[in-house]
Amino acid sequence: MDWQPVWITLQLAATTVCVLLLIGTPVAWWLAHTPSRARVWVEAVVALPLVLPPTVLGFYLLIALGANGVIGGPFQSITGSSLAFTFTGLVIASTLYSFPFVVQPLQGAFEASGKSYLEAAWSLRASKWDAFISVASPLAVRGYLTAVVLGFAHTLGEFGVVLMVGGNIPGKTKVVSIAIYDHVEALEYPQAHLFSGGLLLFSFAVLLVVYAYNRRLPVHVS
Amino acid sequence: MSAIVSRFRVHYEKFRLDTELEFPDRGVTVIFGRSGSGKTTLLRCLAGLERSPTGHMKFGESVWQDESLNLFLPVHRRPIGMVFQEARLFPHLTVRNNLMYGYRRIDPSQRLIAFDRVVDLMDLHPLLDRRPQGLSGGEQQRIAIGRALLTSPKLLLMDEPLSNLDAERKQDILPFLIRLKEEMRLPIVYVTHSLEEVLQLMDTLVLLQDGRRVATGPANEVLSRLDLAETAGPSVVGSVLTTTVAGHENEFSLTRVQYRDRFLYIPEQPLAVGSRLRLHLLARDISIALGKPETPNSVLNMLPATVLEIGPTDTPGSSVNIKLDVGEPILATITRKSLAHLKLKPGMKVYASVKAVRMVHEIEEN
């Protein structure tokens, strides 16, 4: 039994969530507070991965990440290595793929707490950054929890995009969902059962913990 | 002396604010206007929460905004305290940490007021370790005021801090505001649509209509101006008299108050003789008689008066406002029919009968 896909999957999901929080937070913040008309356009783009077939996203990513692509090209000339069929390429792909699952809960949380607490914080000598850290973030803690869990879980379950841009390289880009596919193809049902059952239980347990914990969080902002 | 000199021009789709204002550096300046008059926007411009594209504002010697130089001091750099309509206490912090939020963020050498002093002033001791959720509106607003005070502001801005409270809670907060005004030497700008609630606090009144300043001045002067009666509205038009408690008639449950050499009876107040008291005499509660009635009647408060000025009669409705001198200027609203019947002219000697006295509150006991 080869456990490497599990390890790669967890690594991929954890890395992706970290990247998503870094990029998703300012985007969600901007969406929640901007009066700009560009907002609806950005919202629509952010939501695209929800409706697009993963193969469409994967196809464009494959082109973009390739040695002649808009991302892969510059990357290769700087680092000397390609992005397609690498772990880094997978992180980029997963980040895009799971983007709405992180941005939307964060945006919702920022919108729910609104501007009024921020204004109060500013009037109490807190700079914008300070108010974000000391007031907006703790008030959005439920949003962050939901974002982390959904982003993580959604990355675990990704299949089509990974297959398109990551290929299926054992030890490098072979994640659990693809390993399951391989096992089924090879009629190795016991192994497929093990991975599938494991993923099912893990996902259920995480969601259970989140929902239970969410209820007990002290902050209620309506 | 003016503490604040400001000029703001804000233009929204359905609303515009266009005012030039100077605020005194002491006492309570009340900005009064109906909803939509721009009073909250004006306050937010003063705070820096709103940036007027052609604004200019000076606080004392320091310029906070000068758009010709593209200068705009952000909110958190202004030495202000702000109290909003809703208390806006941070729900994730205890009352103590809410109070400490601004206090921690100013340099210790800039702290002019001690934590314990504010806690005493606003009576917050029993609440310190609780969370804002579950506290009454009045308690929350007291904490919000305390939180603002702990930043040692040089200017306190209040945006209808009582309007979300029921009448009883208002009465709970008012003594704290009066204490605040007396004990802290800091200018307060107070926005409201209800003059009754600030009668005891108000020193200067700014009347705002459709984004423009209609009048500024000492409260009594502005309220008894005939030309403003229409703007201020019948529930406000009248006069503010500052009186002294002269005695009580316990068997009738009445208190006798004095201003200059005149006396008025009001419902009994639990105040010591010599206490100062502000009364609001609404114009619609004052009527005029040509002479003192020969036959006994039930009117208690009958004041000799001189007609000073007769208001415009071309306004809609059946009434007209008359300005009288009863030692202080007061207004009376009578019908145009009565005006014709009594043939009132400026200089005539008449009697003003006071049918009711509004808003009797203790202001201070000296």
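So you know, we letter chains A, B, ... as the sequences are listed, proteins then strands, and number each from 1. Please read all numbers here as calculations on a predicted model, not as lab measurements.
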Taking heavy atoms only and a threshold strictly under 4.5 Å, list by residue number the residues of residues 70-82 of chain B that touch chain A; give 'none' if the list is empty.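 Residues of residues 70-82 of chain B touching chain A at under 4.5 Å: B:Val75, B:His76, B:Arg78, B:Pro79, B:Ile80, B:Met82.
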
Give the interface residues of residues 103-117 of chain B toward chain A, defined by a heavy-atom separation under 4.5 Å. B:Arg105, B:Ile106

Would you say that more than 12 heavy atoms from the other residues, nucleotides or ligands in this model lie under 6.0 Å from the [atom1] of [X], or not?
{"X": "A:Phe59", "atom1": "CZ", "result": "no"}
{"X": "A:Tyr60", "atom1": "OH", "result": "no"}
{"X": "B:His11", "atom1": "NE2", "result": "yes"}
{"X": "A:Tyr181", "atom1": "OH", "result": "no"}

Select one option (side chain, backbone, both, neither) describing which atoms of B:Leu150 are under 4.5 Å from chain A's heavy atoms.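 Neither part, no heavy atoms under 4.5 Å.
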
Where on B:Ala148 is there a heavy atom nearer than 4.5 Å to chain A: the side chain, the backbone, both, or neither? backbone

In residues 119-127 of chain A, which residues are in contact with chain B at a heavy-atom separation under 4.5 Å? A:Glu119, A:Ala120, A:Ala121, A:Trp122, A:Ser123, A:Leu124, A:Arg125, A:Ala126, A:Ser127

Pairwise side-chain contact, A:Ser134 with B:Phe90, heavy-atom cut-off 4.5 Å (strictly under):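 Not in contact.
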
Got A:Tyr117 and B:Leu89 here, is their nearest side-chain heavy-atom distance under 4.5 Å?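 Side chain of A:Tyr117 against side chain of B:Leu89, heavy atoms only: no contact under 4.5 Å found.
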
How would you list, by chain and number, every residue that makes a ring-ring contact (aromatic ring centres under 6.0 Å, His included) with B:Phe8, sequence neighbours excluded?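 Partners of B:Phe8 under the ring-ring contact (aromatic ring centres under 6.0 Å, His included) test: none.
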
